[in-house]
2 protein chains.
Amino acid sequence: MVTMQQVADKAKVSISTVSFVVNNTKPVTPETRERVLQVIEELGYRRNRMARALASRKSHILALIYPMLDHRNHHAFIESAATAAEEHGYNLVLWPLHSDNVSTEITSLIEAGFADGVLLMEVQLDDERVAHLQQAAAPFALIGRTRELSGIDYVDIDFERTVATVIEDFAKLGHRDITLVLEDLGGTPLAGYAPPVRTEEAFRDAIAERGLNGAVIRISHDPDAVAGVADTLLVQAPATTAIVSQHDAASLALLSALPRRGIDVPRDMSIATIATATSLAALTQPPLTTYVGPGHELGRAAAEALIARLEGRNGPATQVLVACRCHPGASVAPPRATPDAR
Amino acid sequence: MVTMQQVADKAKVSISTVSFVVNNTKPVTPETRERVLQVIEELGYRRNRMARALASRKSHILALIYPMLDHRNHHAFIESAATAAEEHGYNLVLWPLHSDNVSTEITSLIEAGFADGVLLMEVQLDDERVAHLQQAAAPFALIGRTRELSGIDYVDIDFERTVATVIEDFAKLGHRDITLVLEDLGGTPLAGYAPPVRTEEAFRDAIAERGLNGAVIRISHDPDAVAGVADTLLVQAPATTAIVSQHDAASLALLSALPRRGIDVPRDMSIATIATATSLAALTQPPLTTYVGPGHELGRAAAEALIARLEGRNGPATQVLVACRCHPGASVAPPRATPDAR
DNA sequence: TTGTATGCGTTATCAA
DNA sequence: TTGATAACGCATACAA
């Protein structure tokens with residue numbers, strides 16, 4: 001490993017001068033700068049990140065506290081967070097957090113001087129991890145939102161706007177009987193997971209505002225429950241002509257079960273899904289109309305919010321909401337026979 | 001931040017003694033050890049990772065060089081690699097690699113003292129990244145395999161055994177006309193991606209060995225190509241009674257298109273998929289019979305192989321192949337009318 | 001068994 | 001504009 005000292009010697013300057021040119025931290029005459037750069041090039045010098053971290057008390061590492069769950073798609077988020085971090089000279093470490101030692105693990109990360117800040121995913125409405133971070137005065141940003149948000153940097157999906165848009169799109173087509181299908185997370189570690197809660201609230205608001213008829217169906221991840229979603233729908237909300245689903249398995253089950261009951265999608269029943277992976281939508285027949293989750297935008301925004309905080313930009317908290325974008329498929333159409341459709 | 005020196009002072013020992021108990025690196029009398037541990041507890045001391053890394057010349061960080069691709073599911077692998085690393089006192093950093101600066105980026109990682117070793121995913125048959133790593137004498141392990149493997153630590157899916165098992169399972173049911181559906185990656189950045197190549201070879205071998213009739217269909221990711229997979233199949237291999245698919249989109253397309261042509265799955269056509277995400281299999285109707293990729297095992301094995309290398313266990317290279325495990329669904333059955341089925 | 005002292009490769013402070 | 005030099009927090013060879 002080539003050290004700064006070696007560069008300094010060969011360039012016949014002091015080690016500090018090398019540091020100045022490497023970090024652009026003090027003015028250096030063009031000639032010496034050039035000479036130093038040349039030697040750096042020749043020797044293939046790269047500054048040692050650990051030494052740098054030790055001396056500057058900044059690791060330039062962001063930890064992504066990251067849930068050990070299988071069933072969601074975090075790819076986009078993680079990928080973009082890592083890329084954004086790298087662009088700003090930071091690095092993203094995956095920090096698998098095991099539920100038993102949350103309290104210590106999470107702060108030791110910072111206290112041990114390993115990471116400068118923390119990115120937290122899959123935030124619950126009341127999340128003890130957030131409490132720990134605040135208490136430890138650790139810089140952090142959330143992907144998702146807790147209930148209490150004052151002064152907290154976060155980025156999240158704008159469920160309100162997303163659902164409102166879906167309902168609006170449905171309403172424009174003439175739908176008046178709309179059902180929301182949600183994951184039922186009761187009894188799972190994700191029981192306090194916010195998205196279904198916010199979606200349901202937004203759904204009720206949007207329905208009420210337009211004077212439509214809305215129903216909500218909660219389906220667990222039990223295979224039988226998923227397989228029975230069409231029956232559940234037809235029993236609990238028989239008038240439904242359009243479905244908003246935030247439950248991927250249920251969406252697919254509907255797509256295959258409805259036609260068997262003589263209900264064609266989209267002719268007799270429209271289906272739109274929220275915050276699904278793009279990959280899934282393209283695979284179905286008909287292709288699902290999807291309101292795609294803004295994983296990439298959120299990953300980048302979260303990393304940048306955290307970095308801004310770390311670099312001392314002490315503005316107001318970054319609080320970003322991004323709505324899902326409609327990715328049209330072929331699972332949505334006007335209702336078959338609506339007397340009051342325009 | 002509490003330092004070792006502070007602990008030493010309060011415990012009235014020297015800083016080295018503290019180091020000895022913290023690292024278990026030299027014998028210490030039970031009493032002083034106890035005293036030191038007590039002070040550590042009181043003060044909430046944690047050793048600083050950066051200082052430790054600098055002094056010991058070991059960062060205890062593994063970099064996961066990781067492809068910026070959307071369409072595969074790496075969750076299981078990344079998750080398990082991160083967990084395994086953590087269990088051994090290492091950490092996993094995501095290192096987004098952009099194709100332009102592969103050569104330098106990859107070695108600077110090690111030379112800059114940032115990571116101790118590298119984990120490489122999505123390995124091509126001839127992968128320049130591997131060449132760079134070897135040349136830089138950087139410790140690494142592959143998930144996947146290059147063509148040349150001597151002395152290289154790697155873990156990979158055992159395509160040979162997996163395909164052989166699928167064919168065997170099909171043959172036992174009486175199928176004699178089997179078609180392999182693959183991704184056509186020609187023209188994409190993944191053109192040299194090994195799995196399809198190995199799968200095809202294994203397929204031809206297995207078919208030949210049993211004297212069966214085999215066909216191979218390559219489908220690109222173009223939506224039209226995917227949508228037309230059923231037609232392609234019926235034209236190119238009309239006798240087919242069983243399909244092995246390593247193309248998720250095509251699998252789903254088949255599942256929905258075949259019934260429309262009066263071909264019931266699994267009564268008239270069996271479908272099994274290879275190395276698919278478990279999550280997908282459960283969502284289809286009928287549920288897909290899947291030979292599930294061993295992502296978790298591979299992630300762990302790769303991390304542990306690399307760590308073993310780093311810690312100086314200079315044995316022969318770790319070369320692990322794990323076959324996919326059959327996850328039965330309801331998309332496989334005996335062929336409808338085979339005169340020679342027993 | 002414990003302590004002293006040096007070095008790891010930078011950054012940063014202070015002089016020159 | 002440059003150069004000494006003292007941290008940074010810990011590991012470790014060597015001494016006691």
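We use all heavy atoms of the structure for the numbers below, so side chains are in, but hydrogens, waters and symmetry mates are not. Proteins come first, then strands; the chains are lettered A, B, ... in the order of their sequence lines, and each starts at number 1.
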Counting primed atoms, P, OP1 and OP2 as sugar-phosphate and everything else as base, the B/S/- map of nucleotides 8-16 of chain D against protein heavy atoms under 4.0 Å is BBBSB-B--
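- When the side chain to side chain donor-acceptor pair (under 3.5 Å) test is applied to A:S14, the partners found at least two apart in sequence or on another chain are A:S16, A:T17.
- Listed by first and then second residue, the salt bridge (charged side-chain N to carboxylate O under 4.0 Å, His left out) pairs involving residues 32-41 of chain A amount to none (not counting sequence neighbours).
- Tested against A:R147, the residues A:V130, A:L125, A:D127 include a single side-chain contact (heavy atoms from CB on, under 4.5 Å) partner, A:L125.
- Within residues 30-44 of chain A, the residues that place at least one heavy atom under 4.0 Å from DNA chain D are, in residue-number order, A:T32.
- Under the ring pair (Phe, Tyr, Trp, His ring centres under 6.0 Å) criterion, the residue pairs touching residues 109-133 of chain A are A:W95-A:F114, with sequence neighbours excluded.
- Over its length, the helix from C:dT1-D:dA16 to C:dA16-D:dT1 turns its helix axis by 40°, as judged from the five terminal pairs at each end, rounded to 10°.
- Side chains of A:D153 and A:L306 form no contact here, defined as non-hydrogen atoms less than 4.5 Å apart.
- In this structure A:Q134 satisfies the side chain to side chain donor-acceptor pair (under 3.5 Å) test with no other residue, sequence neighbours excluded.
- B:R47 meets the salt bridge (Lys or Arg N to Asp or Glu O under 4.0 Å) test with no other residue; sequence neighbours excluded.
- From the 5' end on, the contacts that DNA chain C makes with chain B at under 4.0 Å to a non-hydrogen atom open and close at C:dT1 to C:dG9.
- The side chain to side chain donor-acceptor pair (under 3.5 Å) test applied to B:Q124 returns no partner, not counting sequence neighbours.
- Residues B:V7 and B:V22 have side chains not in contact (no heavy-atom distance under 4.5 Å, counting atoms from C-beta outward).
- Each of A:D156, A:V320, A:I157 was checked for a side-chain contact (heavy atoms from CB on, under 4.5 Å) with A:P294, and the lone residue meeting it is A:I157.
- Heavy atoms of B:V18 sit nowhere under 4.0 angstrom from any nucleic acid atom.
- Under the side chain to side chain donor-acceptor pair (under 3.5 Å) criterion, A:T3 pairs with no residue at all, not counting sequence neighbours.
- Sorted by first then second residue, the side-chain hydrogen bond (donor to acceptor under 3.5 Å, both in side chains) pairs that include residues 53-62 of chain B, not counting sequence neighbours, are B:S59-B:D116.
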